[in-house]
Amino acid sequence: MTAAFPWLRWAAVLWLAVWIPAYWTVWGWRNFFHLCDIAILLTALGLWRGSALLLSSQAIGSLLADLAWCLDIGWRLLFGRHLFGGTEYMWDARFPLWVRLLSLFHVLLPVLLLWALSRVGYDRRGLLLESAIAVVLLGVSRLFSPALNLNYAYRDPLFHRSWGPAPLHVGIIFAGFLGIVYWPTHLMLARFLSPARRS
């Protein structure tokens, strides 16, 4: 399957060669524990290997999340305030504009993933893989400062509050990911895309 994306796999490598040093320098290594940044790394790996499983898992985690990111950006541009929050950094002049603009991958990634899956097919195991990735990252995110609130491991994205002790809060956030984001996306992809051939 490595020939599934003969030129795009190299484009992904070039993107990582720019994106990783830029993000590391400006936002630090902790930033790479965000689910959306893990999605970039695993999508690049999926393109390189032609892996329907990796691409499917990242589509499950990215399609609705990136739509929310785009809606928040659009709301801020049109109405001067954020709809959900989470994109405030895009207006923070302390960070170089060109690095902030790299975050526009949130606009392109869903299109890329859907196109890639139309070629290799959708692997239903992606739901389990993305769920496992989320559980691990939520647990790891609790090791970092609450101020970072990586993956909403300390405060939820809608009410901006903590829901009890760490295990309870993490469980609620994961349930939200699974019920609101992952499961509906999985059903949509399974319905409209051809199943992947498993080697």
| same_hphob_cluster(L128, M188) at 4.5 Å side-chain heavy-atom cutoff | no
| said: Taking N149's backbone N and O only, do any of them form a donor-acceptor pair with R155's side chain (distance below 3.5 Å, no angle check)? | reply: no
| field | Check: T87 and H106 side chains under 4.5 Å, non-hydrogen atoms | value | no
| Could you give the distance from OG1 (T185) to CG (L178), rounded to the nearest 0.5 Å? | 10.5 Å
| task | For R81 and W75, indicate whether the former's side chain and the latter's backbone hold a donor-acceptor pair under 3.5 Å. | result | no
| query | Within a strict 4.5 Å, meaning less than it, do heavy atoms of the S56 and L189 side chains meet? | reply | no
| request: Go through the steps to decide whether L129 and I60 satisfy the test side chain to side chain contact (heavy atoms under 4.5 Å, CB included), and finish with yes or no. | output: CA-CA 10 Å; L129 177 57; I60 286 170; over 6 Å; no
| request: Specify the closest pair of heavy atoms between A4 and G50, including all atoms of both residues, with the distance to one decimal. | output: CB-CA, 4.2 Å
| message | Please enumerate all residues that pass ring-ring contact (aromatic ring centres under 6.0 Å, His included) together with F159, with sequence neighbours excluded. | response | none
| query | OG of S162 to CG of D156: how many Å apart, nearest 0.5 Å? | reply | 9.0 Å
| said: Count I, L, V, M, F, W, Y as connected when their side-chain heavy atoms are under 4.5 Å apart, and connections chain through other members. Are L14 and L8 then in the same cluster? | reply: no
| said: Going by salt bridge (Lys or Arg N to Asp or Glu O under 4.0 Å), name the pairs with one or both residues in residues 92-115, residues two or more places apart or in two chains. | reply: D92-R94
| Residue pair L63, L114: steps toward the side chain to side chain contact (heavy atoms under 4.5 Å, CB included) verdict | CA-CA 9 Å; L63 296 185; L114 288 173; 3.9 Å; yes
| Heavy atoms, side chains only, cut-off 4.5 Å: are H34 and N31 in contact? | yes
| request: Verify the cluster assignment for L108 and W10: are they in a single hydrophobic cluster under the rule of side-chain heavy atoms below 4.5 Å apart? | output: no
| Can you name the ring-ring contact (aromatic ring centres under 6.0 Å, His included) partners of H186, sequence neighbours left out? | Y122, W183
| query | Any idea which heavy atoms bring L16 and A44 closest together, and the distance? | reply | CD1-CB, 3.6 Å
| remark: Note: E130 and G61 closest approach over all heavy atoms is OE2-CA, 3.6 Å
| task | Could you state whether Y154 and L148 fall into the same hydrophobic cluster, counting links through intermediate Ile, Leu, Val, Met, Phe, Trp or Tyr residues with side-chain heavy atoms under 4.5 angstrom apart? | result | no
| message | Using 0.5 Å steps for rounding, measure from the SG atom of C36 to the CG atom of N151. | response | 7.5 Å
| task | Measure the spacing between CG of L54 and CG of L47 and express it to the nearest 0.5 Å. | result | 9.5 Å
| said: Does any part of the side chain of R9, heavy atoms only, come nearer than 4.5 Å to the side chain of R49, both counted from C-beta? | reply: no
| request: Quick one: list whatever passes side chain to side chain donor-acceptor pair (under 3.5 Å) with R30, sequence neighbours left out. | output: none
| request: Sequence neighbours left out, what passes salt bridge (Lys or Arg N to Asp or Glu O under 4.0 Å) with R125? Give chain and number order. | output: D123
| message | I want to check something: taking the side chain as every heavy atom from C-beta on, are Y182 and L64 in contact at a cut-off of under 4.5 Å? | response | no
| request: Under the side chain to side chain contact (heavy atoms under 4.5 Å, CB included) rule, collect the residues that match up with L101, sequence neighbours excluded. | output: L97, L104
| What residues form a side chain to side chain donor-acceptor pair (under 3.5 Å) with Y152, not counting sequence neighbours? | none
| said: I'd like to check the ring-ring contact (aromatic ring centres under 6.0 Å, His included) partners of Y89; sequence neighbours left out, ordered by chain and number. | reply: W27
| task | With the side chain counted from C-beta on, respond yes when L45 and L41 share a heavy-atom pair under 4.5 Å apart, and no when they do not. | result | no
| query | Do the side chains of F84 and F177 join up, straight or via other hydrophobic residues, at under 4.5 Å, putting them in one cluster? | reply | yes
| task | Would you verify whether the NZ or CZ of R161 falls within 45 degrees of the ring axis of W163 while also being under 6.0 Å from that six-membered ring's centre? | result | yes
For residues 17-26, please give each side-chain donor-acceptor pair under 3.5 Å, one per line with the distance, not counting sequence neighbours.
from: Y23; atom 1: OH; to: S103; atom 2: OG; distance (Å): 2.4
from: T25; atom 1: OG1; to: P21; atom 2: O; distance (Å): 2.8

| Looking at residues at least two apart in the chain, or sitting in another chain, which of them share a ring-ring contact (aromatic ring centres under 6.0 Å, His included) with H82? | W91
| query | By side chain to side chain contact (heavy atoms under 4.5 Å, CB included), which residues pair with A65, not counting sequence neighbours? | reply | none
| note | Heavy-atom nearest pair, A134 first then L35, reads CA-CD2, 4.1 Å
| note | All heavy atoms of R124 vs all of A190, minimum pair found to be NH1-CB, 3.1 Å
| query | Can you find a pair of side-chain heavy atoms, one from W48 and one from F5, that are under 4.5 Å apart? | reply | no
| field | D37 and F105, any side-chain heavy atoms less than 4.5 Å apart | value | yes
| Separation between CG of L137 and CG of L150, rounded to the nearest 0.5 Å | 9.0 Å
| note | dist S62:OG -> L113:CG (nearest 0.5 Å) comes out at 5.5 Å
| query | Do any pairs count as a salt bridge (Lys or Arg N to Asp or Glu O under 4.0 Å) and have a residue in residues 65-78, sequence neighbours left out, and if so which ones? | reply | none
| Within 6.0 angstrom of W7 CH2, more than 12 heavy atoms from elsewhere | no
